[in-house]
Amino acid sequence: MSNKTIGILGGGQLGRMLALAGYPLGLRFRFFDPATDACAGHVGELYTGQYDDAEALARFANGVDVITYEFENVPVDAARLLMQHAPVYPPPAALEKAQDRLIEKEFFTALGIPTPFFQAVDSVADLEEALAHTGFPAVLKTRRFGYDGKGQIVLRQGADIAPAWEQLGGVPLILEGFVDYQREVSIIAARTCTGAFAWYPLAENEHDQGILARSRPAQAGAALQSEAVAYARRVLEALDYVGVLGIEFFQENGYLLANEMAPRVHNSGHWTIEGAQTSQFENHLRAILGLSPGDTTLVEQVTLFNLIGSLPDLDAVLAVPGAHLHLYDKAPRPGRKIGHITLRTADRQRFVDGMDTLARLIVNQL
Ligand code: AMP
């Protein structure tokens with residue numbers, strides 16, 4: 001394993017954290033990103049180029065032992081082309097499913113995984129027809145390139161249709177029934193190239209304007225946890241998947257409805273760095289290298305706070321017992337994730353006090 005070079009498509013914070021997890025294992029890292037200032041470039045070699053530049057991709061792939069990706073909008077053709085040079089994990093078929101909300105929800109449905117009601121929308125007539133099924137409210141979303149709540153509009157009444165169409169129409173869309181969920185949860189699971197399977201406890205996630213703001217291991221009964229594990233196992237096996245994958249769910253009336261999946265390490269698993277025996281990042285690397293998955297059990301009480309758009313008083317954060325600060329070396333911009341803090345402690349009072357202090361210190365700009 002030592003001396004192997006991992007090639008990562010995408011040079012954002014997820015790539016950066018993969019590298020930081022891999023250095024203790026003696027691994028080397030190379031990134032490919034169109035941006036010359038990609039933040040992973042500070043922790044590994046950065047190759048810049050466009051994803052449709054076959055020569056640039058070949059230069060990047062030359063000498064790497066295995067290729068993976070850290071964001072789900074890597075063009076599938078680029079991932080397939082790279083398979084001529086080195087093994088590419090997760091399989092590009094997983095990208096294909098995750099890049100299009102319609103294909104993704106059809107995939108979940110085919111596997112018997114419940115989702116919110118959904119219907120493809122390519123015209124105002126389609127939209128009206130779909131609304132006849134959902135009623136109001138409903139959520140109109142672009143099928144591709146939506147993230148952090150972007151590319152979607154909640155329709156609350158007939159008068160919302162025309163402006164929503166004005167804003168989103170012209171690209172393939174999907175209408176979803178509005179789920180009056182109790183909470184949002186996610187599962188992170190891993191499958192290795194030898195078929196070994198591992199999963200983390202369900203995470204409970206809080207979003208602010210569609211952007212993940214906080215995540216922590218969920219209080220969840222065994223039935224809910226095993227429902228999520230069974231769904232994750234189905235997805236991983238159907239795709240002959242290798243690596244870590246996250247699935248986000250709405251919990252409604254005690255049941256899970258799959259919202260979307262990410263064929264990569266996931267923001268709701270950043271607390272595994274300090275909060276689990278083996279982090280999601282290390283387990284992704286182990287999986288793509290064909291090594292045994294590491295123990296995924298929790299270490300202590302843990303909560304993740306994302307730092308979005310603006311940094312808090314860092315010295316005050318560092319003074320909080322049990323707080324672990326992660327900065328991504330990215331310029332602050334409203335709505336941009338630029339770091340996170342994980343609070344981890346075995347002491348109940350310290351945990352409660354730390355949560356209060358961090359909530360007061362964090363000054364997110366959305
Ligand atoms: P997404 O980009 O699909 O992850 O959606 C971002 C956020 O919008 C989610 O975290 C939910 O809070 C909300 N949302 C998305 N789809 C629905 C839905 N069908 N019903 C209710 N809320 C939704």
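Start at 1 and go down the list; that is how both ligands and their atoms are numbered. The analysis underlying the following values was restricted to heavy atoms, covering all of them including side chains, and did not include hydrogens, waters or symmetry mates.
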Give yes if a backbone or side-chain nitrogen or oxygen of Glu176 is under 3.5 Å from a nitrogen or oxygen of ligand 1, and no if not.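 Yes, at least one N or O pair falls under 3.5 Å.
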
Are Phe29 and Tyr23, when compared by the centres of their aromatic rings, separated by less than 6.0 Å?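 Between Phe29 and Tyr23, the centre distance is under 6.0 Å.
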
Should Leu155 and Leu175 be marked as a side-chain contact (heavy atoms from CB on, under 4.5 Å) after you check the CA-CA gap, both sets of side-chain angles, and the distance that decides it? CA-CA 10 Å; Leu155 305 177; Leu175 186 78; 4.1 Å; yes

Residue, atom name and distance, where the atom is the protein heavy atom closest to [atom]:
{"atom": "atom 18 (C) of ligand 1", "value": "Val139 CG2, 3.7 Å"}
{"atom": "atom 7 (C) of ligand 1", "value": "Gly210 CA, 4.3 Å"}
{"atom": "atom 23 (C) of ligand 1", "value": "Phe250 CZ, 3.6 Å"}

Need the ligand 1 atom indices (1-based, order shown) with element for anything under 4.0 Å from a heavy-atom of [X].
{"X": "Gln152", "value": "1 (P), 2 (O), 3 (O), 5 (O), 6 (C), 8 (O), 15 (C)"}
{"X": "Val179", "value": "18 (C), 20 (N), 21 (C)"}
{"X": "His207", "value": "10 (O)"}
{"X": "Asn259", "value": "1 (P), 3 (O), 4 (O)"}
{"X": "Tyr181", "value": "11 (C), 12 (O), 21 (C), 22 (N)"}
{"X": "Glu184", "value": "9 (C), 10 (O), 11 (C), 12 (O)"}
{"X": "Glu260", "value": "1 (P), 4 (O)"}
{"X": "Gly177", "value": "18 (C), 19 (N), 20 (N)"}

To the nearest 0.5 Å, what is the distance between [atom1] ([X]) and [atom2] ([Y])?
{"X": "His284", "Y": "Leu289", "atom1": "NE2", "atom2": "CG", "answer": "9.0 Å"}
{"X": "Leu57", "Y": "Leu9", "atom1": "CG", "atom2": "CG", "answer": "7.0 Å"}
{"X": "Glu227", "Y": "Ile187", "atom1": "CD", "atom2": "CD1", "answer": "10.5 Å"}

Which residues satisfy the ring-ring contact (aromatic ring centres under 6.0 Å, His included) test with Tyr328, sequence neighbours excluded?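 In terms of ring-ring contact (aromatic ring centres under 6.0 Å, His included), with neighbours along the sequence ignored, Tyr328 is linked to His340.
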
Linking I/L/V/M/F/W/Y whenever any side-chain heavy atoms sit under 4.5 Å apart, do Met83 and Ile67 land together?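 They do share one cluster, since a chain of ILVMFWY contacts under 4.5 Å joins Met83 to Ile67.
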
Consider only side-chain N and O atoms of Ser215 and Asn205, and report whether a donor and an acceptor are under 3.5 Å apart.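 The criterion, which ignores hydrogens and geometry beyond distance, is satisfied for Asn205 and Ser215.
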
Restricting to pairs with a member in residues 248-261, which pass side chain to side chain donor-acceptor pair (under 3.5 Å), not counting sequence neighbours?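 Side chain to side chain donor-acceptor pair (under 3.5 Å) check on residues 248-261 returns Arg101-Glu260, Lys141-Asn259, Arg183-Gln251, Glu248-His266.
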
When you measure from the heavy atoms of Lys141 to every atom of ligand 1, does any distance fall below 4.0 Å?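 So Lys141 counts as touching ligand 1.
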
